[in-house]
S.K.: 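Dropping a structure here in structure tokens format, bear with me for questions.
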Amino acid sequence: MSDIQARLREIARRLLTEGHVRVFIGFGPGFEANRPVPFFAADPDAADRLLLDEFCAAGLARYVLEEVREGPVGLVARGCDGLGLERLLADHRVAREQLYVVGVSCRGVVDPDRACAAAGEEVRAARVNGETVTLITPTAERSFPRSACLLDKCLRCQDPTPRIADVLLGEAIPPGERDLAHVDAVERMPSDERYRFWARQFERCLRCLACRQVCPACNCVSCSLDRPEWLERGTGLAEQFMFHFTRAYHVAGRCVACGECERACPAGIPLGLLNDKFMKDLRDLFGVAAPHRPGDVEPLGKFCPDDPEGWHEGGEGT
Amino acid sequence: MSSDWQPRIVGFACRWCTYAGADLAGTSRLEYPATVRLVRVPCSGRVNPSFVLRAFQRGADGVLVAGCHPGDCHYTSGNLFTRRRFSLVKRFLEYLGLEPERLRVEWISAAEGQRFAQVIREMTDDLCRLGPNRKMREEP
């Protein structure tokens, strides 16, 4: 990764020096070695503080929305960032010529909490190999399975390489097919149990709206979630159901499965399970092969004359 | 639950077909349970999925969304969008734990008074068996 990091800095420096971009968005050091934070390099010297390692977690696409108002933006993009950018481009919120995308292939981001728990002490660095992750602590260097170290969103990721990079650092990894089997597990519950499951999840919601703020599909200028006639401020269970239903439905057919909502949620609500339910039905009912990859027209913005009536067959698990 | 409990159904009816179909059921003196409260909408495509959830939250035991048969939409394609939308929404509400019988989507034309009465009878029977909806409800 350090070789790619050096090239990233070099490209960012050149873009800023030559004035191609006003700001370059990447990652910089956080308070802890395993928690880098988004970093906005606005002058050539700042480019040398950019870093890229296995702990760079936050999605960067959504930051573009604000930054691009002041001028062209460069950024480093993994697969998930790339899909987010595609969403913003498809929604005409950003023009392609205002972006300079430095693509990198990502094999998964290490969740510092998970990794520290697995290693039993502070993890300073990590290497993501094929099926294992090597965690480096002050005393040891040991390998663990991916599921014990990576963010949930990365475990399900099938888009390691962005599709819209202006320049790609390192090798491209071909995309795979998203597995939606985790949705089946919820579908198989009896309906009362399913209701209790979601009630337990939604009860914890703080209504901080972090899921909306980080979402590249939630890019509307004015949001119904801010309007009391659509959603009250209360955090009673009924309003929580209304909130989560509305949020998930508003990104149905537009969600790019970047997993940012789930990563940003301070209450650990499995929001991906909601988004993926819509994805599974879009795939199964309307034949949208990869609903998370933005296309010409969103699946709910069009129809076929012979679409099935999906409500006849939805009664599983009762 | 008392034995004379009757379910409350909120029906969203397209003004071009289902609403007229309900009217026909009435003028034909067809008998069906007085369990449905109809809300006239310009098209089944007008029914925001939030309306459905809100209806359940504010006391509906069942919700009916009804419009013109595909191909017959007064606005050409409104009900074809409804078909996609409510295919997803119905499955999603079930995914959140709602019983499948509580939400029905039906195509009922202005000539189908019989059909309207039959749908209400079927829904009422199903809901009587299920009892009052308590899921996702606002506290009274």
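Just so it is clear: chains get the letters A, B, ... in the order the sequence lines come, proteins before strands, and each one is counted from 1.
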S.K.: Roughly how far, to the nearest 0.5 Å, is the CZ atom of A/Phe241 from the CD atom of B/Glu138?
M.R.: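 Here the rounded value is 13.0 Å.
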
S.K.: So that I can tick it off, tell me whether A/Glu309 and B/Arg104 are bridged by a salt bridge, with the cut-off set at under 4.0 angstrom between side-chain N and carboxylate O.
M.R.: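 Salt bridge absent between B/Arg104 and A/Glu309.
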
S.K.: Pick one of side chain, backbone, both or neither for A/Tyr249, based on which atoms fall under 4.5 Å of a heavy atom in chain B.
M.R.: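 Only the side chain of A/Tyr249 comes within 4.5 Å of chain B.
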
S.K.: Please classify the contact of B/Leu103 with chain A as side chain, backbone, both or neither, using a heavy-atom distance under 4.5 Å.
M.R.: neither

S.K.: Which heavy atom in A/Gly310 sits nearest to a heavy atom in B/Ser87, and how many Å separate them?
M.R.: N-OG, 2.8 Å

S.K.: Does CZ in B/Arg46 sit with more than 12 non-hydrogen atoms of other residues, nucleotides or ligands closer than 6.0 Å?
M.R.: no

S.K.: Check whether A/Phe197 gets within reach of chain B through its side chain, its backbone, both or neither, counting any heavy atom under 4.5 Å.
M.R.: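 Neither part.
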
S.K.: Using the side-chain hydrogen bond (donor to acceptor under 3.5 Å, both in side chains) criterion, which residues pair with A/Arg263? Sequence neighbours excluded.
M.R.: A/Glu260

S.K.: Count the heavy atoms of every other residue, nucleotide or ligand shown that sit under 6.0 Å from CD of B/Gln114, and state whether that count exceeds 12.
M.R.: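 Open: at most 12 neighbouring heavy atoms sit under 6.0 Å from CD of B/Gln114.
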
S.K.: Do B/Arg83 and A/Pro308 come within less than 4.5 Å of each other through their side chains, counting heavy atoms only?
M.R.: no

S.K.: So, do A/Asp281 and B/Phe92 sit near enough that their side-chain heavy atoms are less than 4.5 Å apart?
M.R.: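 SC-SC contact between A/Asp281 and B/Phe92 ruled out.
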
S.K.: Would you check if A/Leu300 and B/Leu88 make a side-chain contact, meaning some heavy-atom pair closer than 4.5 Å?
M.R.: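 Yes, their side chains come closer than 4.5 Å.
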
S.K.: Looking at A/Phe286, I'd like to know if the NZ or CZ of B/Arg84 sits under 6.0 Å from its six-membered ring centre while staying within 45 degrees of the ring's axis.
M.R.: yes

S.K.: Do other residues, nucleotides or ligands put more than 12 heavy atoms under 6.0 Å from A/Arg163 CZ?
M.R.: yes

S.K.: In Å and rounded to the nearest 0.5 Å, what is the CZ to CG distance from A/Arg194 to B/Leu96?
M.R.: 9.0 Å

S.K.: Does atom CZ (A/Arg96) have a neighbourhood of more than 12 heavy atoms from anything else shown, all under 6.0 Å?
M.R.: yes

S.K.: For the candidates A/Ser224, A/Ala199, A/Gly234, A/Pro305, which exhibits the highest count of non-hydrogen atom pairs separated by less than 4.5 Å from chain B?
M.R.: A/Pro305

S.K.: Can you sort out the partners of A/Thr246 under side-chain hydrogen bond (donor to acceptor under 3.5 Å, both in side chains), two or more places apart, ordered by chain and number?
M.R.: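 Testing A/Thr246 for side-chain hydrogen bond (donor to acceptor under 3.5 Å, both in side chains), a comparison that skips the adjacent residues, returns none.
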
S.K.: Kindly determine whether A/Glu239 and B/Arg54 satisfy salt bridge (charged side-chain N to carboxylate O under 4.0 Å, His left out), including the steps that lead there.
M.R.: CA-CA 10 Å; A/Glu239 281 308 302; B/Arg54 268 286 184 253; 3.1 Å; yes

S.K.: Out of curiosity, B/Glu94 CD to A/Trp311 CH2, how far, rounded to the nearest 0.5 Å?
M.R.: 12.5 Å

S.K.: Side chain, backbone, both or neither: which part of A/Leu231 has a non-hydrogen atom closer than 4.5 Å to chain B?
M.R.: backbone

S.K.: Distance check, rounded to the nearest 0.5 Å: A/Trp230 atom CH2 versus B/Ser50 atom OG?
M.R.: 5.5 Å

S.K.: Given heavy-atom pairs under 4.5 angstrom as the criterion, report whether the side chain, backbone, both or neither of A/Asp284 touches chain B.
M.R.: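 Looking at A/Asp284, nothing touches chain B.
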
S.K.: Please look at A/Leu237 and chain B and tell me whether the side chain, the backbone, both or neither of the residue comes under 4.5 angstrom of a heavy atom of that chain.
M.R.: neither

S.K.: Could you measure the distance from the OH atom of B/Tyr95 to the CG atom of A/Asp276? Nearest 0.5 Å is fine.
M.R.: 7.5 Å

